[in-house]
**Q** 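Take a look at the following structure, please.
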Amino acid sequence: MKAAQISRAGGDWELVERDIPEPGAGQVRVKVEACGICHSDVLVKDGLWPGLQYPRIPGHESAGRIDAVGNNVTAWTMGQRVGVGWHGYHCFVCEPCRRGDFAMCINRKVTGIDFDGGYAEYMIVSTTALAALPDEVPAEEAGPFMCAGVTVYNALRNSGARAGDVVAIHGVGGLGHLGVQYARQMGFETVAINRGNDKESLARELGAHHYIDATATDVVAQLQKLGGARVILATAPSAAAISPLVDGLSPSGLLLVPAAPAEPLSINVFSLIMRRSSVAGWYSGTARDSQDTLEFSTLTNVHPMIEKYPLERVAEAYEQMHSGKVRFRVVLTIGQ
Ligand SMILES: [Zn+2]
Ligand SMILES: [Zn+2]
């Protein structure tokens with residue numbers, strides 16, 4: 001099979017031929033049709049994940065069809081369309097798993113990091129990592145839902161915000177353009193915050209009721225004019241931009257951070273105390289959360305905006321993703 005791999009930290013993309021792998025017990029083989037490129041793929045490319053084994057095929061935004069089924073697989077069938085995301089495995093026996101918190105499994109594995117991912121014609125996947133893909137979702141759109149999509153969807157639906165609450169999406173990029181759509185579809189008074197006004201009309205088309213240009217106006221004052229945000233989902237990984245946002249929260253508001261800035265946040269705790277507000281991280285979700293994301297997106301007509309490249313042009317596609325010029329996710333098409 002054709003695959004794109006990285007063989008050392010900081011190495012270049014290599015297009016290689018590999019043997020088609022066989023699924024073991026509790027696993028299936030997926031014939032991959034598309035795989036999104038995520039900013040987190042830098043963890044493999046630049047060797048930023050402790051204990052990462054090379055060579056590694058990255059890719060945790062995959063979609064395709066099951067084309068071989070291992071032993072002890074009962075709920076998944078040959079030919080079934082599936083998505084495979086960041087959540088690659090959970091063990092069912094550790095303490096968090098015994099409490100049903102599979103995303104926090106202490107033996108969890110990440111697709112394309114702890115084992116080979118979807119930058120290949122075939123991949124081996126644990127059934128704990130499979131999301132059933134609705135017929136309406138094309139493979140290349142499914143990819144971004146499997147990491148970017150589930151992360152913001154799951155963050156928002158677990159944020160405690162209720163219909164009608166002010167929810168602000170900070171950053172209208174790969175995560176944020178989905179976040180704006182989900183916030184609107186979940187019934188929140190949706191605020192999009194971005195630098196400049198070139199994304200204002202798009203943000204409004206995606207469902208934002210309000211748009212705040214962070215370069216032209218005081219973001220905190222604008223949020224407080226709306227009564228403060230019950231939730232701010234910070235998708236632009238800039239510590240300098242995120243930290244002051246706590247002053248834009250409502251009482252008991254929540255600043256939710258699903259994408260890690262390189263620098264630590266610098267938070268005014270007095271502001272947190274006076275509003276009884278909080279700051280929290282958000283960790284992706286399980287395969288079932290991803291399936292919920294796919295189903296909700298189908299139901300509500302949420303779509304990722306993508307640029308497509310064939311697998312053979314992975315190096316160029318990856319550069320495009322990291323240039324920040326892309327609108328908004330890059331997806332590799334494989335064998336199509
Ligand atoms: Zn990702
Ligand atoms: Zn576990």
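Just follow the structure's listing: the first ligand is 1, and inside any ligand the first atom is 1.
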**Q** Under 3.5 Å, is there a donor-acceptor pair linking the side chains of N301 and H303?
**A**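 Checked: N301/H303 side chains pair up, N/O donor to acceptor below 3.5 Å.
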**Q** Does a donor on one side chain and an acceptor on the other come within less than 3.5 Å for E14 and S7?
**A** yes
**Q** Any chance you could measure Q181, atom CD, to M305, atom CE, to the nearest 0.5 Å?
**A** 8.5 Å
**Q** Salt bridge or not between K225 and D218? Use side-chain N to carboxylate O under 4.0 Å.
**A** no
**Q** For residues 234-261, which residue pairs qualify under salt bridge (charged side-chain N to carboxylate O under 4.0 Å, His left out), counting only residues two or more places apart or in two chains?
**A** D247-R275
**Q** Quick one: do E307 and R329 make a salt bridge, cutoff under 4.0 Å?
**A** no
**Q** Scan residues 188-227 for pairs that pass ring-ring contact (aromatic ring centres under 6.0 Å, His included), counting only residues two or more places apart or in two chains.
**A** none
**Q** Around the Zn ion (ligand 2), what protein N, O or S atoms are found below 2.8 Å?
**A** C91 SG, C94 SG, C97 SG, C105 SG
**Q** For the residue pair W49 and W86, does the interplanar ring angle fall in the parallel (under 30°), tilted (30 to 60°) or perpendicular (over 60°) class?
**A** perpendicular
**Q** Using a strict cut-off of 2.8 Å, how many protein N/O/S atoms surround the Zn ion (ligand 1)?
**A**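 The number of such protein atoms is 3.
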**Q** Going by salt bridge (charged side-chain N to carboxylate O under 4.0 Å, His left out), R56 matches just one of D116, D114, D46. Which one?
**A** D116
